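Residue numbers start at 1 and run along the sequence shown. All values derive from a computational prediction rather than experimental measurement.
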Amino acid sequence: MSKPITRRDFVRTGAAAGVAAALPAPLAGAPAVHTRGAARPVVIASGNGNQFRNGGTMAAVETAFTRMVGGADVLDAIIAGVNLNELDPGDTSVGYGGLPNAEGVVTLDSSVMHGPRRRAGAVAALAGVRTPSLVAQAVMDNTDHHLLVGQDAQRFARQMGFTVEDDLNTPESRRLWLEWKRRSDPARFPDPGQRAQAGHRAGLEMVAEGLIDPMHYYGTINCNAINAAGDVCGCTTTSGLAWKIPGRVGDSPILGAGLYVDNGVGAAGSTGRGEANLYNLTSYLIVENLRRGMSPKDAGMEGLRRIVQNTVERRLRNGRGTPNFGIQFYVLNTRGEHAGVSMYPGGTYAVCDENGPRDVPLEPLLQGGPND
C-alpha cells in the first residue's frame, strides 16, 4: 500500500517540477563545449618545419618531437626545432639570411607562448641576432613584459648575452635584394604610392619567375606542440614580408595573431599575409572556436572565412572578388588532433608524432588561386 501524500510533499514536488519546466531546453545544433581528453604527443609546423636541417639530419618538427618525448620542456623543444630554420641560410623566410627590408636590412620578429605557465614573450624589428625565438623566450623568462622592439630589443638581447652582428644578410639574400632594388628603382618611381606599388609588383614578379619561394615572400615558421601530459606551447618566428617598409611589423610577434596558446584548449599560428591576420586576430579566434567544440579543421576554416569577410578593399581582391593573397593556419587541440588550413589550394604542413615526420596537405577554403 502506497504512503499517502501530504500537503507539504505535494507543494515540494510541484515546486520542483515548476523549476524544471522553467529551465531552457538545449539549443538544437548548439556546438559542443571543448573537453580535454587524453593527450597524444605531436608537433606540427608550417611546411618549412620538415624541410631545413642546417646541415644536420633532422628538421624542426622531428627535432622538437624527439626532445619533447625525451622529457624536455615543450617550449624548449619547439625552440630547438625552429632554431634550425633560423640558422639555416637556405630558409630565406626566417633568421640568418632572411629576405631583408626595403633598405637591405634583415629585421626579425618572433613570439613564444608557454601554455602551462601562462607566460609569453616576443620581439619585433630585431636586427643582428640570428635566433629571435630565443630572445623572445628571454623576454618571457626575464621580464614582466610581452614585447620588446627595435633597437631596445637588440640592446636587451646584448644584455642577455646574445651575439649581435652588424648584418644578417647572406650573399643570396643580398643578391635577391639588389635584384628587387633594380626592378623598383626609386629614381623611376618618385611618388611614394607608385614606388610602393612598383616594389610590391617587383616582388611578385620575382616569385612568379621562381627567384623567391612563394612561401618565403611573406616568410615565417610556426610550430606548436603538445606532450603526453597535455602541456601545449607554441612559437612563431620570421624575417617578415620581403622588402617591407623599414619599421613594418607583421602578425608573427603579436599574441592572438601570429600565435595563440591556451593550455586547456589548444594552439594556433599562421604564415602568410600578416596584415590580414592582424586585423582579425585570427589565431585567437581559432582557439576560441576550439573552446566551443569545433574540430581543428573547422576552427581554422572559420578563421579564414572571417578574413574573407573583412577583406573589402578593392586592391586586396582579385577578379573574382576573393582575397588576392595567401594565408595559412596550423591548429592543434589538447587531444593531439590537428589541421593545416589555407586560403587556396597548394602547400603542406609538417607533422611529427610516434609515426615520424611527414608532410600533410593543407585544406583550402577556396578553389582557384589568389591571382585568378
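- Put simply, the side chain of Arg119 gets close to the backbone of Met140: a donor and an acceptor are under 3.5 Å apart.
- Ion pairing between a basic and an acidic side chain is recognised when a charged N comes within 4.0 Å of a carboxylate O; Glu62 and Arg53 show no such pairing.
- Judged purely by distance below 3.5 Å, without hydrogens or angles, the side chains of Tyr330 and Thr271 pair a donor atom with an acceptor atom.
- Between the side chain of Thr311 and the backbone N or O of Ile307, at least one donor-acceptor pair lies under 3.5 Å.
- Looking at Asn48, its side chain does come within 3.5 Å of a backbone N or O of Thr220 through a donor-acceptor pair.
- The side-chain hydrogen bond (donor to acceptor under 3.5 Å, both in side chains) analysis of residues 293-302, with sequence neighbours excluded, yields the pairs Ser295-Asp298, Glu302-Arg305.
- Annotation for Arg314: atom CZ does not count as buried by contact number, only 12 or fewer foreign heavy atoms lying within 6.0 Å.
- Minimum interatomic distance between Phe325 and Tyr344 (heavy atoms only, all atoms of both residues): O-CE1, 3.6 Å.
- In this structure, the separation between CD1 on Ile78 and CZ on Arg67 is 12.5 Å, given to the nearest 0.5 Å.
- Looking only at distances, no side-chain donor or acceptor of Asn277 sits under 3.5 Å from a matching main-chain atom of Gly274.
- Checked by atom type and distance alone, the side chain of Trp243 never pairs as donor or acceptor with a backbone atom of Pro100 at under 3.5 Å.
- The two residues Asn318 and Asn324 come nearest to each other via the heavy atoms N-CB, 4.0 Å.
- Annotation: salt bridge (charged side-chain N to carboxylate O under 4.0 Å, His left out) contacts involving residues 134-150, sequence neighbours excluded, comprise Arg117-Asp141.
- Although no hydrogens or angles enter the test, the distance criterion places no donor-acceptor pair under 3.5 Å between the side chain of Asp231 and the main chain of Asn227.
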Worksheet entry | Test log, rule side-chain contact (heavy atoms from CB on, under 4.5 Å), inputs Ser93 and Ile221 | CA-CA 8 Å; Ser93 70; Ile221 179 172; 5.9 Å; no
Worksheet entry | Worked verdict on Val249 versus Val149 for side-chain contact (heavy atoms from CB on, under 4.5 Å) | CA-CA 9 Å; Val249 172; Val149 303; 5.8 Å; no
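- Here OG1 of Thr66 is found 4.5 Å from CE of Met58. Values are rounded to the nearest 0.5 Å.
- The two residues Ala225 and Val43 come nearest to each other via the heavy atoms CB-CG2, 3.7 Å.
- When all heavy atoms of Gly258 and Thr236 are compared, the closest pair comes out as O-OG1, 2.9 Å.
- Contact record, Ile286 with Gly303: CG1-CA, 4.2 Å, taken as the closest heavy-atom pair.
- If you chain together hydrophobic residues whose side chains sit under 4.5 Å apart, Leu134 and Met113 never meet in one group.
- Thr237 places no side-chain N or O within donor-acceptor distance of the main-chain N or O of Ser110, the cut-off being under 3.5 Å.
- Relative ring orientation between Tyr284 and Tyr260 is described as perpendicular, the plane-to-plane angle rising above 60° on a 0-90° scale split at 30° and 60°.
- Grouping the Ile, Leu, Val, Met, Phe, Trp and Tyr side chains by contacts below 4.5 angstrom, directly or via other members, places Val351 apart from Val69.
- Although no hydrogens or angles enter the test, the distance criterion places a donor-acceptor pair under 3.5 Å between the side chain of Ser283 and the main chain of Ala257.
- Heavy-atom contacts from other residues, nucleotides or ligands closer than 6.0 Å to CG of Asn355 number more than 12.
- Put simply, CD on Glu86 and SG on Cys235 are 6.5 Å apart, with the number rounded to the nearest 0.5 Å.
- Across all their heavy atoms, Pro296 and Glu337 have their closest contact at CG-O, 3.5 Å.
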Practice prompt. Check the pair Val123 / Leu108 against side-chain contact (heavy atoms from CB on, under 4.5 Å), numbers first and verdict last.
Written response: CA-CA 8 Å; Val123 292; Leu108 307 175; over 6 Å; no
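- Taken from OG in Ser239 to CG in Asn85, the straight-line distance is 11.0 Å, to the nearest 0.5 Å.
- Asp73 and His114 are linked by a side-chain donor-acceptor pair at a separation below 3.5 angstrom, with hydrogens and angles left out of the test.
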Discussion item. Before you tell me yes or no, could you show the steps for Leu281 and Leu285 under side-chain contact (heavy atoms from CB on, under 4.5 Å), namely the whole-Å CA-CA distance, both residues' side-chain angles and the distance that decides it to 0.1 Å?
Written reply: CA-CA 6 Å; Leu281 292 179; Leu285 171 65; over 6 Å; no
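- One distance of note links OG1 of Thr334 with CG of Leu290; it measures 8.5 Å at 0.5 Å rounding.
- Of the inter-residue distances, the one linking Thr92 atom OG1 with Glu172 atom CD reads 7.5 Å to the nearest 0.5 angstrom.
- The closest donor-acceptor contact from the side chain of Asp359 to the backbone of Asn50 lies at 3.5 Å or more, if one exists at all.
- Under the 4.0 Å criterion applied to side-chain N and carboxylate O atoms, Asp353 and Arg40 are assigned as salt-bridge partners.
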Which donor-acceptor pairs under 3.5 Å do side chains of residues 155-165 form with protein atoms, sequence neighbours excluded?
from, atom 1, to, atom 2, distance (Å)
Arg155, NH1, Asp152, OD1, 2.3
Glu165, OE1, Arg130, NH2, 3.2
Glu165, OE2, Arg130, NE, 2.6

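- The backbone N or O of Ala127 lies less than 3.5 Å from no partner atom in the side chain of Thr107, so there is not a single donor-acceptor pair.
- No single ILVMFWY cluster, assembled from side-chain heavy atoms under 4.5 Å apart, contains both Leu241 and Ile254.
- Ion pairing between a basic and an acidic side chain is recognised when a charged N comes within 4.0 Å of a carboxylate O; Glu179 and Arg175 show no such pairing.
- In this model, no donor atom of one side chain and acceptor atom of the other lie less than 3.5 Å apart for Ser270 and Asn222.
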